[in-house]
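The structure appears right after this line, and notes come after that.
Just so it is clear: chains get the letters A, B, ... in the order the sequence lines come, proteins before strands, and each one is counted from 1. Fair warning: this is a prediction, and the values are worked out from it, not measured in the lab.
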Amino acid sequence: MSIAITSPQLKENAAEALKDAQLQEALAKVGPGFIGKRAAAAAAMPEFDALRDSARDIKNHTLAHLDLYLERFEEKVREAGGHVHYAVDAADARAIITDICKRLSAKTVTKGKSMISEEIGLNDHLEAQGIIPVETDLGEYLIQIRHETPSHIIAPAIHLNKRQVEADFRRVHTDLPADRDLTEPTSLLAEARGELRQKFLVADVGITGANFLIAETGTSVLVTNEGNGDLTQTLPKAHIVLASLEKLVPTLEDATQLLRVLARSATGQDMSVYTTFSTGPRRPQDGDGPGEYHVVLLDNGRSAMLEGELREMLRCIRCGACMNHCPVYHAIGGHAYGWVYPGPMGSVLTPSLIGVEKGANLPNASTFCGRCEEVCPVRIPLPKLMRHWREKEFERHLTPAPQRYGLKVWSFFATRGWLYRPATRLAMAALSLLGRSKGRFSSLPLAGGWTKYRDFPAPEGDTFQAQWRARKASSRSNAA
Amino acid sequence: MSTSRDIVLASVRRSLGVTSGEAPRRQAVDDRLKGHPAGVVPARGQLAPAERLALFKDKVVAAAATLDHLPSTAEVPGAIAAYLRARNLPATLLRGADPRLAALPWQNEPQLDVWIGPSDGRQLVGLSHALGGVAESGTLVLLSGPDNPTTLNFLPDHHLVVVDARDVAGDYETLWTRIRALFPEGPLPREVNWITGPSRSADIEQTLLLGAHGPRSLHVLLVGEAG
């Protein structure tokens with residue numbers, strides 16, 4: 001389904017999410033599940049950090065030459081009998097896809113998981129044109145039948161539990177016996193497999209995303225664990241690949257370098273189960289495969305990101321490691337971010353794609369702990385880019401007035417050391433004295449936002465700067 | 001009227017501050033495409049043939065596939081019949097017309113009902129021949145073509161794959177070199193499939209379950225010794 005933007009209501013969304021006991025139960029599993037698996041996979045590959053450098057360099061090189069690689073990709077797709085369509089924006093991409101579906105008199109289309117499809121609101125548009133889209137990735141299927149949006153870029157239904165899935169299957173699969181046992185995930189998976197198998201076999205068009213596009217050979221690369229992407233692209237009359245410009249890489253070897261870091265960063269696998277390199281439509285002698293192969297190349301604001309520091313964000317390979325390691329994502333989940341892309345990567349990408357006016361809140365949802373940058377397989381400096389958007393927000397007067405005044409007062413002091421030092425020393429000494437008995441404050445003037453949820457620890461007497469000076473002085477005297 | 005293509009490419013060039021006419025940029029792109037540098041190739045797969053094959057077998061099993069290591073192709077039909085019996089499956093399978101599969105001594109297992117062609121979803125067992133394997137991750141590499149229908153890889157519940165031990169490489173790059181040599185004038189086959197274990201999903205409560213949409217079981221028939 002297409003997404004109503006609620007990013008400006010991030011605070012309200014987050015408050016709702018924190019109160020949602022079921023969601024909190026699901027989110028509690030995100031960190032323990034993903035973090036350990038990635039860490040183990042990284043530790044088992046001594047070259048992992050060298051591969052990350054290599055992945056970063058490949059993406060930087062490609063982005064710097066993107067126009068030329070796009071032209072080369074296009075030429076190679078055509079040579080293999082396929083078609084390339086450029087789409088300036090979401091409406092353009094939707095129209096291209098609908099035209100292909102209508103020309104083929106498509107009634108149903110199967111779909112592999114694609115965040116770009118969410119970004120352009122493709123499913124609602126197809127339905128409005130009388131074409132039935134069927135999501136085939138299990139997680140995407142679950143949220144489609146619930147009329148929800150993905151809450152994670154690689155685990156779209158991570159916010160659900162098996163009881164909810166059971167209830168939805170009973171509601172939607174009404175042709176099956178009412179007394180069937182659906183208590184275990186295995187029976188839920190078997191039922192989804194049965195339902196979707198029929199849809200795969202009758203679909204007229206298959207739409208997938210792409211993890212990479214290879215300029216050398218005009219190939220699209222799709223990675224799945226379920227095999228749904230392969231059934232989606234192999235069985236129908238036409239395969240439409242929907243991908244954004246920055247998916248380009250130069251060669252088969254370059255794609256291979258990136259694949260070595262993708263699954264490890266995402267799920268901790270050495271390699272996902274199915275990595276499929278598709279080039280053109282079925283050949284005259286082939287016994288199966290789609291008769292048409294189309295690639296829709298979506299810009300939708302990305303070409304503008306090539307200018308300036310946001311270019312680094314276009315290296316993203318959508319592994320999800322940043323959100324898997326993000327304390328804020330762990331607390332509020334993906335839906336609170338209010339659009340397609342959640343977590344740290346979403347906080348940088350969303351303002352770029354929907355505008356800083358609507359997306360400005362997201363980069364504020366960060367503690368700048370830096371874990372996202374530490375685990376990013378293509379070394380995107382996510383905290384730095386979030387700071388970029390915070391500065392833009394401030395420059396464009398989007399920050400609320402009390403915050404602006406607060407920051408002005410602080411910066412007045414902070415840029416005048418002769419004033420800042422005595423003022424903070426005085427404040428810390430006063431707080432230390434006041435909080436001496438309990439060691440903490442349960443309420444403080446001007447800090448209600450903090451103390452409403454937790455105590456504020458009482459300072460121990462000195463400012464950080466004073467302690468630092470004292471420590472340096474003592475280490476100097478020790479050394480002497 | 002400018003097309004979407006013109007608009008997008010012009011916007012890319014404007015942001016990059018380039019015109020597309022710069023010779024050094026074109027040269028950098030041509031060099032990369034011609035030279036296709038391998039980058040960082042992990043030491044893990046760079047082993048002597050016997051160790052490489054042992055790593056491949058370990059990794060295949062670690063990916064939740066099963067494996068029979070057979071002395072020669074003569075044993076393949078028997079191993080398939082045993083696999084089907086052990087799982088109470090009907091003695092029937094579907095395979096591609098691949099000459100390497102056609103040459104197997106099927107007459108040794110007369111009760112096996114062997115069909116040839118793409119799958120329409122009604123077959124329980126599909127048999128393919130891999131171009132090779134990758135020891136680094138226990139990955140099989142298959143090519144689509146008239147004799148190797150892609151549907152066999154994905155529709156049957158059980159996917160059986162024959163791979164020659166001499167075709168098991170340490171890394172993916174070795175297989176790309178072989179594929180480039182097979183199709184020097186391009187294009188690549190419609191599909192190059194890397195398969196690492198059977199289909200799975202962890203979309204319900206992050207519980208990993210096998211047999212999502214593709215095969216529930218992947219069985220590798222590894223033939224001969226490393227060469």
Under 4.5 Å from any heavy atom of chain B, what part of A/E216 do you find: side chain, backbone, both or neither?
both
For A/R193, which atoms come within 4.5 Å of any heavy atom of chain B: side chain, backbone, both, or neither?
both
Bottom line for A/I158: the part with an atom under 4.5 Å from chain B's heavy atoms is side chain
Using non-hydrogen atoms and a 4.5 Å limit, figure out which bit of A/A55 sits close to chain B: side chain, backbone, both or neither.
neither
Are the side chains of B/W106 and B/R95 in contact, using a 4.5 Å heavy-atom criterion?
yes
Considering only heavy atoms, which portion of A/T217 lies under 4.5 Å from any heavy atom of chain B: side chain, backbone, both, or neither?
side chain
Let's go through A/H61 and A/Y69 carefully: what are the C-alpha distance in whole Å and the side-chain angles of both, what is the deciding distance for ring-ring contact (aromatic ring centres under 6.0 Å, His included) to 0.1 Å, and is it a yes or a no?
CA-CA 10 Å; A/H61 167 83; A/Y69 282 119; 5.5 Å; yes
Looking at A/D53 and A/R56, does any basic side-chain N land under 4.0 Å from a carboxylate oxygen?
yes
In terms of heavy-atom pairs under 4.5 Å with chain A, the winner among B/D171, B/L142, B/N193, B/N148 is B/N193
Cut-off 4.5 Å, heavy atoms of chain B, and the answer for A/Q269 is side chain
Could you tell me which portion of A/P284 (side chain, backbone, both or neither) has an atom closer than 4.5 angstrom to a non-hydrogen atom of chain B?
neither
Evaluate the ring planes of B/Y172 and B/W194, with Trp represented by its six-membered ring, and classify them as parallel (under 30°), tilted (30 to 60°) or perpendicular (over 60°).
parallel
Relative to chain B, which segment of A/D92 carries a heavy atom at a distance below 4.5 Å: side chain, backbone, both, or neither?
side chain
Chain B contact via A/N228 - side chain, backbone, both or neither, heavy atoms under 4.5 Å:
both
Can you say whether A/L201 sits under 4.5 Å from chain B via the side chain, the backbone, both, or neither, judging by heavy atoms?
side chain
Give, as side chain, backbone, both or neither, the part of A/L297 having an atom under 4.5 angstrom from any heavy atom of chain B.
neither
Taking the six-membered ring for Trp, are A/F34 and A/H152 parallel (under 30°), tilted (30 to 60°) or perpendicular (over 60°)?
parallel
Counting only non-hydrogen atoms closer than 4.5 Å, does A/F200 touch chain B with its backbone (N, CA, C, O), its side chain (CB onward), both, or neither?
side chain
